Amino acid sequence: MRTPMRADARRNRELILKAAGEVFVGEGPDAPLEDVARRAGVGIATLYRNFGSREALIRGVAAATLAELRGAAEEALAGGDEPFEALRRFAHTALNLRIGAVLPALSGRIRIDEELAELRARTLRPVQELIVRAQQAGRLRDDVVFGDVPFMVMRLTLLLPGGGLPEDEALAHRHLELYLDGLRPEAARARGAGLPGPAITAARFIRATDRIVGGNDR
């Protein structure tokens, strides 16, 4: 039986993971781990006690990002909001997690093993449920598929060349609202036609993230 982690140890682990995500986005996955420890406010020995290698830390960042995304989707489902507003709340929370910056920063450094694949599947399920609920309520256009939501968020969190503008985060939320308005049935009726381009189903999204993050072929 695994011994429960003490509150201070759990807090240190969370700080390390958050700092590592920020450092890897800014400097890449080969950034000095001393930079991660410094940003987390812990000693390098504490970092290594929690993550015995750089590979373990990179994997921990990927797993933590997926877990946070799942938590955001489950919280939106349980919040009691009208279905489209629940989807909107999830999208803005996911934007704050910067998944489009964190996961590509780890590209080629993660092997999507059975454990991570299961974590990803458990993350996708509540996101899919948010989409289905909004469509069943007539609040989301029928031609929206799974990939339209996470890829939208990932694109909005990609870093712009040169570091972008100081108000990038606020702009991303502004642009997300414009995108969300395009997901409404009224937008489909006004356009009078279905969406162009490929439809990224959940299965295609999994294959795409395998390439983005792990470089795996499926």
Side-chain angles (χ1 to χ4, degrees), residues 17-18 20-22 24-26 61-79 81-107 110 112 116-117 119-135 139-141 143-161 163-165 167-184 187-188 195-214:
L17 286 170
K18 182 176 186 298
E22 294 169 352
F24 292 158
V25 166
V61 171
T65 301
L66 288 171
E68 288 182 314
L69 193 62
R70 185 184 76 247
E74 290 174 344
E75 183 178 342
L77 283 171
D81 292 335
E82 177 274 325
F84 191 87
E85 289 308 309
L87 182 64
R88 179 197 300 277
R89 184 151 68 96
F90 163 74
H92 279 285
T93 303
L95 189 63
N96 287 334
L97 295 176
R98 302 178 69 202
I99 59 171
V102 174
L103 295 181
L106 309 180
S107 177
I110 305 168
I112 308 295
L116 276 180
L119 178 57
R120 178 176 56 188
R122 285 191 280 122
T123 300
L124 266 53
R125 282 193 287 269
V127 178
Q128 182 71 66
E129 187 173 349
L130 283 167
I131 293 169
V132 170
R133 282 190 183 184
Q135 287 176 325
R139 301 287 289 143
L140 179 67
R141 54 191 298 167
D143 51 357
V144 168
V145 297
F146 177 86
D148 292 321
V149 175
F151 272 135
M152 160 192 72
V153 174
M154 291 178 75
R155 287 178 184 276
L156 287 172
T157 52
L158 288 172
L159 296 180
L160 296 174
L165 301 170
E167 53 275 89
D168 265 356
E169 184 176 342
L171 281 173
H173 285 282
R174 175 186 173 92
H175 295 157
L176 175 57
E177 282 297 321
L178 292 171
Y179 186 97
L180 287 167
D181 280 347
L183 298 184
R184 293 181 178 277
L195 292 169
I200 307 298
T201 62
R204 287 191 65 188
F205 180 80
I206 287 173
R207 292 196 295 272
T209 53
D210 278 349
R211 292 193 298 272
I212 292 169
V213 178

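Note that the structure is a prediction, hence the values are computed from the model and not measured.
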To the nearest 0.5 Å, atom CZ of Arg89 lies from atom CZ of Phe84 at 14.0 Å

Is it true that a side-chain atom of Thr123 and a backbone atom of Leu66 form a donor plus acceptor pair closer than 3.5 Å?
yes

Pairwise distance OH(Tyr179) to CZ(Arg88) - rounded to 0.5 angstrom
13.5 Å

Evaluate the ring planes of His173 and His92, with Trp represented by its six-membered ring, and classify them as parallel (under 30°), tilted (30 to 60°) or perpendicular (over 60°).
parallel

Atom OG1 in Thr93, atom CD in Glu75: separation rounded to 0.5 Å?
6.5 Å

Note, Leu97 side chain near Val102 side chain (heavy atom, < 4.5 Å)
no

Arg139 side chain near Arg184 side chain, heavy-atom distance below 4.5 Å:
yes

Leu130 and Ala76 have their tightest heavy-atom pair at CD2-CB, 4.0 Å

Of the non-hydrogen atoms in Ala134 and Pro83, which two are nearest, and what is the gap between them?
CA-CB, 3.6 Å

How many angstroms lie between CD1 in Ile206 and CD1 in Ile112, if you round to the nearest 0.5 Å?
10.5 Å

Tell me the closest heavy-atom pair linking Phe146 and Thr201, and the distance in Å.
CB-C, 4.3 Å

Looking at Asp148 and Val145, would you say the former's side chain and the latter's main chain have a donor-acceptor pair under 3.5 Å?
yes

Can you tell me how far CG of Leu124 sits from CG of Leu69, rounded to the nearest 0.5 angstrom?
8.5 Å

Interatomic distance, CZ@Arg141 vs CG@Leu183, rounded to 0.5 Å, equals 7.5 Å

Side chain to side chain contact (heavy atoms under 4.5 Å, CB included) between Leu95 and Glu169, worked out:
CA-CA 9 Å; Leu95 189 63; Glu169 184 176 342; over 6 Å; no

Within the supplied structure, the quantity of interest is the number of heavy atoms (other residues, nucleotides, ligands) at a distance under 6.0 Å from Arg155 CZ; does it exceed 12?
no

Do you know the tightest heavy-atom contact between Ala86 and Asp81?
N-CB, 3.9 Å

Is it true that Glu177 and Arg174 make a salt bridge, defined as a side-chain N closer than 4.0 Å to a carboxylate O?
no

Heavy atoms of Leu119 and Ala63 approach each other most closely as CD2-O, 3.4 Å

Decide, yes or no, whether a salt bridge links Glu129 with Arg133 under the criterion of side-chain N to carboxylate O below 4.0 Å.
yes

Could you give me the CA-CA distance, side-chain angles and deciding distance for Arg98 and Glu22, then say whether salt bridge (Lys or Arg N to Asp or Glu O under 4.0 Å) is met?
CA-CA 10 Å; Arg98 302 178 69 202; Glu22 294 169 352; over 6 Å; no

Closest non-hydrogen atoms of Ala199 and Arg204, given as atom of the first, atom of the second and distance, are O-NH1, 3.5 Å

